[in-house]
Amino acid sequence: MEIFEILCGIIAVILALYYFFTSTFDFWKSRGVPGPRPIPVFGTFKDVLLKKISLGDYVTKVYNEYKDEPFIGIFFMRTPILIVKDLEIMKDIFIKDFSTFADRGFTTHEKAEPLSQNLFNLEPERWRPLRPKLTPFFTSRKMKEMFLLISECSDHLIDHVDKLVRRNVTNEPIECLELTAKYTTDCIGSCTFGIEMNTLSNEESEFRRIGRDVFHQPWTDLLRARIKNFSPLLYDILGYILPDTEITKFFISLVTDSMKYRDKNNIVRHDFIDMLRELKKNSSKMNNIEFTDSFIASQAFIFFAAGYETSSTAMTNTLYELALHQKVQDRLRKEINEEYTKYGGSLTYENVQKMNYLDKVFKEVLRKYPAGFFFTRKTTSSYTFNGTKVSIPKGQRIWIPIYAIYRDPDIYPKPNDFDPERFNEEAVRSRHPMVYLPFGDGPRNCIGARFGIYQTKLGIIKILQNYKIECCEKTQIPYVIDENIFVLSPKNGIYLRIIKVNQT
């Protein structure tokens, strides 16, 4: 009898678990949305969770398998996710019906992960009043003011590369991802914190080490991330027990100490830290936001993390493609030199804007190597998509598969080819505006786009003016994506040969 009861208990547990993991599986079928068939525990993500395929390749595979469908329904374990392919509906999500899709779907954890309270993650209630307060730091006028600071950092980059090249008598290749990350870290340090970080010249730079850990996390931080993904409630509870991570301690201390020092000594730099000081002083005007030290530090953290990593990766990917395509590199160098000559050997904010071929090259790099695989949204209310019978509830997660769109041959012929002429005026006019969204669109687009563009372009300009970039035996061909970080980045870096342009 006891064995029978035990068996019944086991069967009951198995049935309960089976029901739990499959109870949502009719979600998309009942709404008339096609998609791959889910299986218990994994949903439709079995190959991703078992590391047989990358997330980006999985989404692209599904996108291509349901080529003519406006929507695809998938399941992360038991959670239904809607992939939206229809371009007009994408436009509704980003712009027309933005209020319903204002939430990116990320979570904040004030205790367990204090720096998660940043502008990128915030729910609409706090994002709406905060965004316009931070926007003035990223206007064209502000970019012109910061241009000299970025230009000085790009000069330091060239000085550093000069030293590397002079020491490198055997013409060994240089790893460019780390090189450009140091440059963009210095740019952010100068423009955001008013600090000369000197990561290019200081191999032991704490700023560079912390920045590296943000995207290549130590195992303790990875364990925290796993707990957050599978049980946000447990993660919040652990926040009262676990100590802050080194990254959290570093940024909260950096920001609060900087603000206190400036207040005490009446220092004004008109940089991002000063903007955060003003926000804190006037925090009573924003009733639904509590301006704690961690909340303030979160805004500086996201600007630092997103600003250095995405820009350094874009810069590295540009150098990689220019090394592979020497004719493109030569044409771009010619444009750069002509602009310098035209304006007396000087480089200004306006000069950079006039470099049309540079703009085409940069846009094609961002098409071929977007920062992420998809944009995420979560509905703030129930919604029926225009022109369809498909209705979704409040809290529904949505993915916009931008990586797959960029590799759709019906939109971009021969998508794996690198062709800057995809972005000539005629080609751009012929395409739907939603097929190229390097910084998102609508009210919740990337607030730091201008800054990222200019620090990347300036770095490229200075390098090409002085050096020729070539592939070598250590250059990774074809390009391999690092699947361990959430920003599209090359695995094991990019090695290239850097040669003075007056050398043969």
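Here Phe439 pairs with Leu366, Cys446, Ala449, Ile453 under the side chain to side chain contact (heavy atoms under 4.5 Å, CB included) rule; sequence neighbours left out. Considering only residues two or more places apart in sequence or on other chains, Glu175 meets the salt bridge (Lys or Arg N to Asp or Glu O under 4.0 Å) condition with none of them. Residues forming a salt bridge (Lys or Arg N to Asp or Glu O under 4.0 Å) with Lys368 (at least two apart in sequence, or on another chain): Glu321. Applying the side-chain hydrogen bond (donor to acceptor under 3.5 Å, both in side chains) test to Lys378 and every residue at least two apart in sequence or in another chain returns nothing. Every side-chain hydrogen bond (donor to acceptor under 3.5 Å, both in side chains) that Thr199 has, sequence neighbours left out, goes to Asp186. Scanning for side chain to side chain contact (heavy atoms under 4.5 Å, CB included) contacts around Thr192 gives Ile188, Phe272, Phe303, with sequence neighbours left out. Scored by the side-chain hydrogen bond (donor to acceptor under 3.5 Å, both in side chains) test, Thr384 finds Ser391 as partners (sequence neighbours excluded). Here Arg431 pairs with nothing under the salt bridge (Lys or Arg N to Asp or Glu O under 4.0 Å) rule; sequence neighbours left out. Remark: Glu364 pairs with Arg367, Arg422 by the salt bridge (Lys or Arg N to Asp or Glu O under 4.0 Å) rule, at least two apart or across chains. Residues passing the side-chain hydrogen bond (donor to acceptor under 3.5 Å, both in side chains) test with Thr184: none are found, sequence neighbours excluded.
Taking the six-membered ring for Trp and thresholds of 30 and 60 degrees, Phe385 and Tyr383 have ring planes more than 60 degrees apart, a perpendicular arrangement.
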side-chain contact (heavy atoms from CB on, under 4.5 Å) for Lys133 and Ile289? Distances and angles first, verdict last.
CA-CA 12 Å; Lys133 298 296 183 182; Ile289 297 179; over 6 Å; no
Determine, stepwise, if the pair Tyr349 / Tyr454 fulfils ring-ring contact (aromatic ring centres under 6.0 Å, His included).
CA-CA 8 Å; Tyr349 180 86; Tyr454 272 88; 4.6 Å; yes
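Annotation: cation-pi geometry satisfied between Arg31 and Phe27 (NZ/CZ under 6.0 angstrom from ring centroid, within 45° of ring axis).
Among pairs with a residue in residues 52-74, those fulfilling salt bridge (Lys or Arg N to Asp or Glu O under 4.0 Å) read Lys61-Glu65, Lys67-Asp408, Lys67-Asp410, at least two apart in sequence or across chains. Listed by first and then second residue, the salt bridge (Lys or Arg N to Asp or Glu O under 4.0 Å) pairs that reach into residues 460-481 are Asp155-Lys462, Lys468-Glu470, Glu473-Arg497, sequence neighbours excluded.
A donor and an acceptor atom, one from each side chain of Thr376 and Arg397, are nowhere located under 3.5 Å apart.
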